[in-house]
Asks: 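Got a structure for you, questions after.
Note that these values count all heavy atoms, side chains included, but never hydrogens, waters or copies made by symmetry. A, B, ... follow the sequence lines: proteins, then strands. Residue 1 opens every chain.
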Amino acid sequence: MRTSGCCPRPGSTLPCFSGFARGELSVQKMAASSVEELLAKAEQEEAEKLKSITVQKELDLDFDLGNLLACDKNRIETRDFREQKKEDFLRSLARDNTQLLINEIWKLPTERVEEVIVAKLPEPTTRLPREKPPLKPRPPTKWEQFAKLKGIQKKKKTNLVWDETAKEWKRRWGYKRANDDTKEWLIEVPETADPNEDQFAKRVKAKKERVAKNEFNRLKNIARAQKVKTPGVGLVPKAQQSRNELAKAVSVAKVSTASVGRFQDDLPKEKPPKNSGKRRKFDPLIGDFSSEKQKQLDLLKTMGSKKPRLDITKAVNQQMREEDKEEAAAKRRKGGGKRGRKGNMTGKGKAGKAGGGGKAGKAGGGGKRRGKPGKK
Amino acid sequence: MTQLDNITKPKTRRSKRFLESRAPKLTENVKSVMIMKGGNTSQTITQALKDVYSLKKPNAVLYKKKNITRPFEDSTSLEFFSKKSDCSLFLFGSHNKKRPNNLIFGRMFDFHVLDMIELGVEKSVSLSEIKTSKCPEGTKPMLVFAGEAFESDNEFKRVKNLFLDIFRGPTVSAVRLAGLEHVLHFTAMEGKIYLRSYRCLLKKSGCRTPRIELEEIGPSLDLVLRRTHLASDDLYKLAHKQPKALKPKKKKNISRDALGSTLGRVHMQKQDLSKLQTRKMKGLRKRRAEMVPDKDMRTPKEAKVES
C-alpha cells in the first residue's frame with residue numbers, strides 16, 4: 001500500500017507501513033500534547049490575569065461585609081516596619097488588605113438599580129451595643145384589658161359622616177363636627193325638666209364633664225403604666241409633709257364623711273380652712289338698687305377727681321420689699337446649690353436657678369389645681 | 001427625657017416627629033458623634049477634631065466653645081450634652097502638660113458613659129495638608145484593622161469595637177460598586193495605633209474584580225493608648241440586648257437532610273375515605289334505562305365504584 005505522501009527512500013530504515021502508523025501516532029500524540037498545551041496556556045493566562053488581584057497572606061482575613069470590615073490577624077514584622085519608610089509600608093499593607101476586601105465584595109450578588117450596579121450586602125455580623133435600651137411594650141389600658149376579656153374587636157370607622165341638617169359630609173369628631181350636640185340652636189325642653197333651667201348651658205356643662213373625665217382616665221392609665229402611685233382623692237403620701245400639706249390633709253379628711261363633714265367636731269385650736277369656698281363672687285343682676293347706684297356715683301367721683309388713684313409711695317415701697325424678698329430667696333438657694341455640686345457657677349446659672357425656681361413653683365400650683373377637678 | 005405618651009402631648013406634628021425620632025426604637029438611628037474641646041487645646045488637636053468632624057459630616061456635631069471638664073473624673077456634663085443633642089458617641093480633645101494632645105473617644109448607652117478610651121496624638125497630618133481631591137462627604141468607608149493586637153489584647157479589642165462603631169456610618173442593604181472610594185486603615189503595632197485614610201482607585205484588571213490603587217487623602221494620626229474606662233461585663237451585655245422582634249424568625253416545617261436537599265412537611269386534615277376518588281370503570285356506569293330494575297340487585301360496593 002502506498003500512501004500519498006510516503007515514499008521510502010533507498011537506505012531509509014522505515015518501511016511505508018510503519019511510517020504511516022508513526023505518522024498517525026505522532027498526529028495523535030501531537031493532538032494530545034496540543035490539548036495539554038492549550039490547557040496549560042489557558043491556565044497561565046488566567047493566572048496572569050488574576051495575578052494583579054491576588055494577594056498572598058499567611059492567615060486569611062476575617063470579613064464582615066455588612067459593615068465593610070476586614071480584620072487582618074497576620075503578624076506585622078517590626079523589622080519590615082522599620083526597614084522601609086513607615087508610610088510606604090503602611091500603604092502597601094493597606095493596599096493588600098483593601099484588595100482582599102474588594103475581592104470579597106465583588107463576589108456578592110449584584111443587581112441593577114436605575115442604571116447603577118449595586119451589590120447587595122448581607123446583615124452585619126459584628127455585635128455592637130445599642131444606643132438606648134429597647135422599648136418595653138406598654139401595659140394595656142383599662143379599656144384594652146376589658147375588650148380583650150370580652151373579645152371586643154376594634155371597628156374601623158369612616159372619617160366623615162353625613163350631616164342631615166347641613167347636608168354635607170363633616171368630620172366624625174373634632175372641629176366643626178357632624179351632629180354637634182352643643183351647637184344646636186333649638187332645644188325642646190323636656191316635660192320633666194325645670195322650666196328655669198338653661199338647657200344650652202346644661203349641654204355644655206355635660207360636655208365639659210365628659211372631657212374632664214376622659215382626661216382623668218387617660219392620666220390614670222399613664223400612671224398605672226409607669227407605676228406611679230396616685231391617691232384616690234387628696235394628697236400623695238410623702239415622707240416629709242410641710243405644714244400646708246398637713247393642714248390640707250386634715251381638712252380633706254374632715255370632709256370625707258358621708259355627711260360631708262357637717263357633724264365633725266373641730267380639733268382643739270383648729271382654725272377654719274383658708275382657701276375654701278368660691279374663688280370669685282359676683283353680685284346678682286337685679287339686687288340692691290341703692291347700693292348699685294352708690295357704687296356708680298363713687299366711680300364717677302374717682303374718675304373726676306384730680307388726685308391719682310395709685311398711691312405712689314406705697315406702691316414703690318411694696319415693690320422694693322418684694323425685690324428684697326426675691327434676692328434673699330435666691331441667695332439662700334444659691335448657697336444651698338453650691339454646697340451640693342463642685343462645678344463652676346456662671347451668671348447664667350443664677351438666672352437659670354431663679355427661673356427654674358419660679359417655674360417649679362408655677363408647675364406645683366398648676367398641678368395642685370389639676371388634682372381637684374370636680375371640687376367646687 | 002421626653003416621651004411620647006407623657007402628660008404633656010406635643011402640640012404640632014413637627015414636634016411630634018422630633019420626639020419620635022429621639023424615642024427608643026426597634027432599629028435605631030445612625031449614631032452621631034459630638035466633638036468638643038477641653039479647657040486647653042493645641043493646634044494639632046483642633047485640626048484633628050475638625051478632620052474627624054469632616055469625616056463624619058452629617059452625623060456629627062462640632063462644639064466651638066471650650067468645656068472645662070475632665071471626662072475621666074466627672075462625666076455628668078458629657079451626659080447632659082449627649083441628652084440635649086441626642087448623640088451617643090463623643091470625642092473630647094484637650095492638651096495639657098501632663099497629657100499632651102489628648103483625644104478621648106467614647107460612647108454612651110442610655111445617656112450614661114459606656115466606654116471611654118484616651119489616646120495621645122503623636123504625629124498628625126491633617127486633611128488640609130494633603131492636597132489631593134477628597135471623597136464626597138457621607139460615603140460609607142471601608143474599614144480595615146491590621147495587627148494581631150486587635151485580636152489578642154482585651155483593650156485593643158474594645159478599641160476596635162469602638163472605632164467600628166464610630167466610623168462605620170449608616171447600615172445599608174446594598175452599596176454601589178463604583179462608590180466604594182474611602183478606606184480607613186488601622187494598624188496596631190507595639191501599643192500604638194496608626195490611622196490612615198486612603199482613597200481607592202479601581203483600576204482595570206483582566207477579570208471582573210478591579211485592581212486597587214491607593215491614594216492618601218485625609219487625616220493620618222499616630223495614636224498611643226493612654227487610659228481606658230471600659231464598661232463592666234454586665235453593663236456591656238445589657239447594652240447588647242436586642243428586642244425580641246428583631247430576632248430572625250425561624251421557618252417552621254423546613255428541614256435539610258444529610259444529602260443537602262431541603263425537605264418540607266405538609267400537614268393534612270383527616271381524609272374521608274368514603275369520598276375517595278378511585279378508578280372510573282366506564283362500563284359499570286349507570287345507564288338511564290337500566291336504572292330502576294337494576295337498582296335493588298346492585299350491591300353497595302358496586303354502587304360506589306360507579307359513582
Asks: Against chain B, work out which of A:L59, A:V113, A:L135 has the most heavy-atom pairs shorter than 4.5 Å and name it.
Replies: A:L135
Asks: Taking atom CD of A:E123 as the centre, report whether more than 12 heavy atoms of other residues, nucleotides or ligands fall under 6.0 Å from it.
Replies: no
Asks: Once you round to the nearest 0.5 Å, how far does CG of A:L128 lie from CG of B:D165?
Replies: 4.5 Å
Asks: Can you tell me if A:E43 has over 12 outside heavy atoms packed within less than 6.0 Å of its CD?
Replies: no
Asks: With a 4.5 Å cut-off on side-chain heavy atoms, are B:R208 and A:K107 touching?
Replies: no
Asks: Select one option (side chain, backbone, both, neither) describing which atoms of A:P124 are under 4.5 Å from chain B's heavy atoms.
Replies: side chain
Asks: Could you look at B:M142 and say if it's the side chain, the backbone, both or neither that has a heavy atom under 4.5 Å from chain A?
Replies: both
Asks: Which atoms of B:K25 are under 4.5 Å from chain A, going by heavy atoms: the side chain, the backbone, both sets, or neither?
Replies: backbone
Asks: Can you find a pair of side-chain heavy atoms, one from B:L238 and one from A:P133, that are under 4.5 Å apart?
Replies: no
Asks: Let me know if B:V144 has heavy atoms under 4.5 Å from chain A in its side chain, its backbone, both or neither.
Replies: both
Asks: Are there over 12 heavy-atom neighbours, none belonging to A:K120, within less than 6.0 Å of that residue's NZ?
Replies: no
Asks: Looking at B:K203, B:K160, B:K140, which makes the most heavy-atom pairs under 4.5 Å with chain A?
Replies: B:K140
Asks: How far does CD of A:E131 sit from CZ of B:F109, to the nearest 0.5 angstrom?
Replies: 10.0 Å
Asks: Contact between B:F150 and A:K73 at the side-chain level, heavy atoms closer than 4.5 Å - yes or no?
Replies: no
Asks: With a 6.0 Å cut-off (strictly less than), is the heavy-atom count around NZ of A:K57, excluding the residue itself, greater than 12?
Replies: yes
Asks: What's the separation between atom SG in B:C200 and atom CD in A:Q99, rounded to the nearest 0.5 Å?
Replies: 9.5 Å
Asks: Would you say A:R224 has more than 12 foreign heavy atoms packed within less than 6.0 Å of its CZ?
Replies: yes
Asks: Checking A:I102 against chain B: side chain, backbone, both or neither under 4.5 Å from a heavy atom?
Replies: both
Asks: Step by step, work out the side chain to side chain contact (heavy atoms under 4.5 Å, CB included) result for A:N67 and B:L143.
Replies: CA-CA 8 Å; A:N67 283 325; B:L143 301 163; 5.8 Å; no
Asks: Sort by residue number and list every residue of residues 171-180 of chain B having at least one heavy atom under 4.5 Å from chain A.
Replies: B:T171, B:V172, B:S173, B:A174, B:V175, B:R176, B:L177, B:L180
Asks: Run the side chain to side chain contact (heavy atoms under 4.5 Å, CB included) check on A:D72 and B:F145 step by step: do they pass?
Replies: CA-CA 6 Å; A:D72 183 7; B:F145 289 86; over 6 Å; no
Asks: Can you name the closest pair of heavy atoms from B:P243 and A:R130 and give their distance?
Replies: CD-NH1, 3.3 Å
Asks: Without swapping roles, check the side chain of A:R75 against the backbone of B:G147 for a donor-acceptor pair under 3.5 Å.
Replies: no
Asks: How long is the span from the NE2 atom in B:H182 to the CG atom in A:L68, to the nearest 0.5 Å?
Replies: 12.5 Å
Asks: When only pairs under 4.5 Å are counted, which of A:P122, A:G66, A:P134 shares the most heavy-atom pairs with chain B?
Replies: A:P134
Asks: Given the options B:M108, B:E213, B:R107, which has more heavy-atom pairs under 4.5 Å with chain A than any of the others?
Replies: B:R107
Asks: If you round to the nearest 0.5 Å, how far is NE2 of B:H185 from CG of A:D96?
Replies: 9.0 Å
Asks: Report yes if some heavy atom in the side chain of B:K9 is under 4.5 Å from a heavy atom in the side chain of A:R218; otherwise report no.
Replies: yes
Asks: Can you tell me which portion of B:R168 sits under 4.5 Å from chain A's heavy atoms? Options are side chain, backbone, both or neither.
Replies: side chain
Asks: State whether the number of non-hydrogen atoms from other residues, nucleotides or ligands found under 6.0 Å of A:E58 atom CD is greater than 12.
Replies: no
Asks: Nearest 0.5 angstrom please: A:D64 CG to B:L164 CG, how far?
Replies: 7.0 Å
Asks: Under 4.5 Å from any heavy atom of chain A, what part of B:L114 do you find: side chain, backbone, both or neither?
Replies: side chain
Asks: Quick one: of A:C71, A:A70, A:A223, who has the most non-hydrogen atom pairs under 4.5 Å with chain B?
Replies: A:A70
Asks: List the steps and the verdict of side chain to side chain contact (heavy atoms under 4.5 Å, CB included) for B:L202 and A:W106.
Replies: CA-CA 12 Å; B:L202 308 164; A:W106 249 254; 4.3 Å; yes
Asks: Between A:N74 and chain B, which part of the residue has a heavy atom less than 4.5 Å away: side chain, backbone, both or neither?
Replies: backbone
Asks: Taking side chain as everything from C-beta outward and backbone as N, CA, C, O, which of these in B:A188 sits under 4.5 Å from a heavy atom of chain A? Side chain, backbone, both or neither.
Replies: backbone
Asks: Considering residues at least two apart in sequence or located in another chain, which fulfil the side-chain hydrogen bond (donor to acceptor under 3.5 Å, both in side chains) criterion with B:T139?
Replies: none
Asks: List the steps and the verdict of salt bridge (charged side-chain N to carboxylate O under 4.0 Å, His left out) for A:E87 and B:R196.
Replies: CA-CA 9 Å; A:E87 295 301 316; B:R196 299 286 181 270; 2.9 Å; yes
Asks: Is there a side chain to side chain contact (heavy atoms under 4.5 Å, CB included) between A:K132 and B:E28? Walk through the geometry before answering.
Replies: CA-CA 8 Å; A:K132 297 169 188 140; B:E28 300 191 308; 3.9 Å; yes
Asks: With a 4.5 angstrom heavy-atom cut-off, could you sort out which part of B:P141 is near chain A: side chain, backbone, both or neither?
Replies: backbone
